[in-house]
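Read through the structure below, which is laid out as structure tokens, and then see the notes.
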Amino acid sequence: MVYPALQDLLPHRPPMILIDELVHWDEREVVCSVTIRDHAPFVVDGRVPALASIEYFAQTVAAFYGYLARHRQQFTMGMLLGTRELELRTDFFRVGDVLTITGRELWNGEGLAQFRCELLRGPELLALAAISVLQAGAPA
């Protein structure tokens, strides 16, 4: 399936769109990818701190809601409320790394949702967390 460009799904604008592509979407899960490039935000000496995973997770979940809003033709905006159980299994990502970010909805109710997110380089799990989001403009 061909998905819309992230610029059409996210409230962010370059250079702050940190992920490259929406590669999978369904009613409970979203998958995005990014290749770390030398000119990307947060790259210092060819590396990005692994703590940037939180923003990769947030933008992946934003892509989930952006696609949902487009699919249902209704406006929905989200806001990151917090991160729990963040586990970083590396200190940094390197320029050239191809990363896959997955977000699976754990629960959703009354304008709040939580996603279990994972970041992988190939089969290697590098970061995981549960993130909580507020859905502004969500249907009642």
Side-chain angles (χ1 to χ4, degrees):
M1 170 148 200
V2 177
Y3 293 100
L6 289 171
Q7 194 162 335
D8 296 333
L9 301 177
L10 299 177
H12 308 73
R13 290 295 162 250
M16 290 312 298
I17 297 177
L18 301 186
I19 56 179
D20 293 335
E21 181 181 17
L22 172 62
V23 296
H24 171 77
W25 184 96
D26 66 38
E27 295 284 331
R28 303 284 297 189
E29 181 179 65
V30 61
V31 180
C32 292
S33 67
V34 62
T35 300
I36 305 298
R37 292 180 177 79
D38 203 26
H39 65 276
F42 310 118
V43 173
V44 176
D45 297 328
R47 304 187 310 190
V48 173
L51 197 54
S53 299
I54 296 170
E55 185 61 22
Y56 295 141
F57 294 155
Q59 288 192 20
T60 296
V61 171
F64 174 87
Y65 285 115
Y67 189 76
L68 178 65
R70 184 181 179 117
H71 184 68
R72 292 187 180 166
Q73 297 183 343
Q74 65 188 45
F75 176 76
T76 301
M77 180 189 278
M79 186 182 332
L80 178 64
L81 292 179
T83 303
R84 295 181 37 163
E85 302 169 8
L86 176 65
E87 183 178 328
L88 302 175
R89 296 183 177 180
T90 188
D91 293 330
F92 54 83
F93 313 118
R94 294 186 185 278
V95 168
D97 282 350
V98 178
L99 307 175
T100 301
I101 308 106
T102 302
R104 284 180 214 90
E105 189 178 64
L106 298 177
W107 55 264
N108 185 336
E110 298 186 25
L112 298 174
Q114 187 171 77
F115 285 77
R116 182 69 175 168
C117 297
E118 297 181 345
L119 185 146
L120 296 100
R121 179 178 54 216
E124 183 182 11
L125 180 62
L126 299 179
L128 60 149
I131 69 167
S132 299
V133 295
L134 173 67
Q135 306 162 51

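Note that the structure is predicted; figures quoted are calculated from it, not measured.
The number of heavy atoms from other shown groups lying within 6.0 Å of CZ (R13) is above 12. For R28, the CZ atom sits in a packed shell: over 12 heavy atoms of surrounding residues, nucleotides or ligands are nearer than 6.0 Å. Within 6.0 Å of CD in E110 there are 12 or fewer heavy atoms belonging to other residues, nucleotides or ligands.
Judged purely by atom type and a 3.5 angstrom limit, R37 uses its side chain to pair as donor or acceptor with the backbone of T35. Distance alone, capped at 3.5 Å, places no donor-acceptor pair between the D97 side chain and the I36 backbone.
Contact detail for Q7 and I17: the closest heavy-atom pair is CA-CD1, 3.8 Å. Here the shortest heavy-atom pairing between L6 and D20 reads CD1-C, 3.3 Å.
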Counting only pairs under 3.5 Å, give me each side-chain donor-acceptor contact of residues 50-61, with atom names and distances, residues two or more places apart or in other chains.
{"from": "S53", "atom 1": "OG", "to": "A50", "atom 2": "O", "distance (Å)": "2.7"}
{"from": "E55", "atom 1": "OE2", "to": "Q59", "atom 2": "NE2", "distance (Å)": "2.9"}
{"from": "Q59", "atom 1": "OE1", "to": "L18", "atom 2": "N", "distance (Å)": "2.8"}
{"from": "Q59", "atom 1": "NE2", "to": "M16", "atom 2": "O", "distance (Å)": "2.8"}
{"from": "T60", "atom 1": "OG1", "to": "Y56", "atom 2": "O", "distance (Å)": "2.9"}

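No continuous path of hydrophobic side-chain contacts links V95 to L120 [ILVMFWY only; heavy atoms under 4.5 Å]. Hydrophobic clustering (side-chain heavy atoms under 4.5 Å, transitive across Ile, Leu, Val, Met, Phe, Trp, Tyr) groups F115 together with L68. Both F42 and L80 belong to a single network of hydrophobic side chains, linked directly or stepwise wherever heavy atoms of I, L, V, M, F, W or Y lie under 4.5 Å apart. Cluster annotation: F93 is not connected to V23 through the hydrophobic network of ILVMFWY side chains, with a link wherever side-chain heavy atoms come within less than 4.5 Å. Taken together through direct or relayed side-chain contacts under 4.5 Å among Ile, Leu, Val, Met, Phe, Trp and Tyr, F92 and L119 form parts of separate hydrophobic clusters.
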**OP:** Determine, step by step, whether W107 and L112 satisfy the side chain to side chain contact (heavy atoms under 4.5 Å, CB included) criterion, reporting the C-alpha distance in whole Å, the side-chain angles of both residues, the deciding distance to 0.1 Å, and the verdict.
**Re:** CA-CA 8 Å; W107 55 264; L112 298 174; 3.9 Å; yes
**OP:** Starting from the C-alpha separation in whole Å, work towards a yes-or-no answer on side chain to side chain contact (heavy atoms under 4.5 Å, CB included) for E105 and E27.
**Re:** CA-CA 9 Å; E105 189 178 64; E27 295 284 331; over 6 Å; no
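Salt-bridge check for E85 with R116: passed, with a basic side-chain N closer than 4.0 Å to an acidic carboxylate O.
The only member of L9, V30, D8, L22 that meets side chain to side chain contact (heavy atoms under 4.5 Å, CB included) when paired with Y3 is L22.
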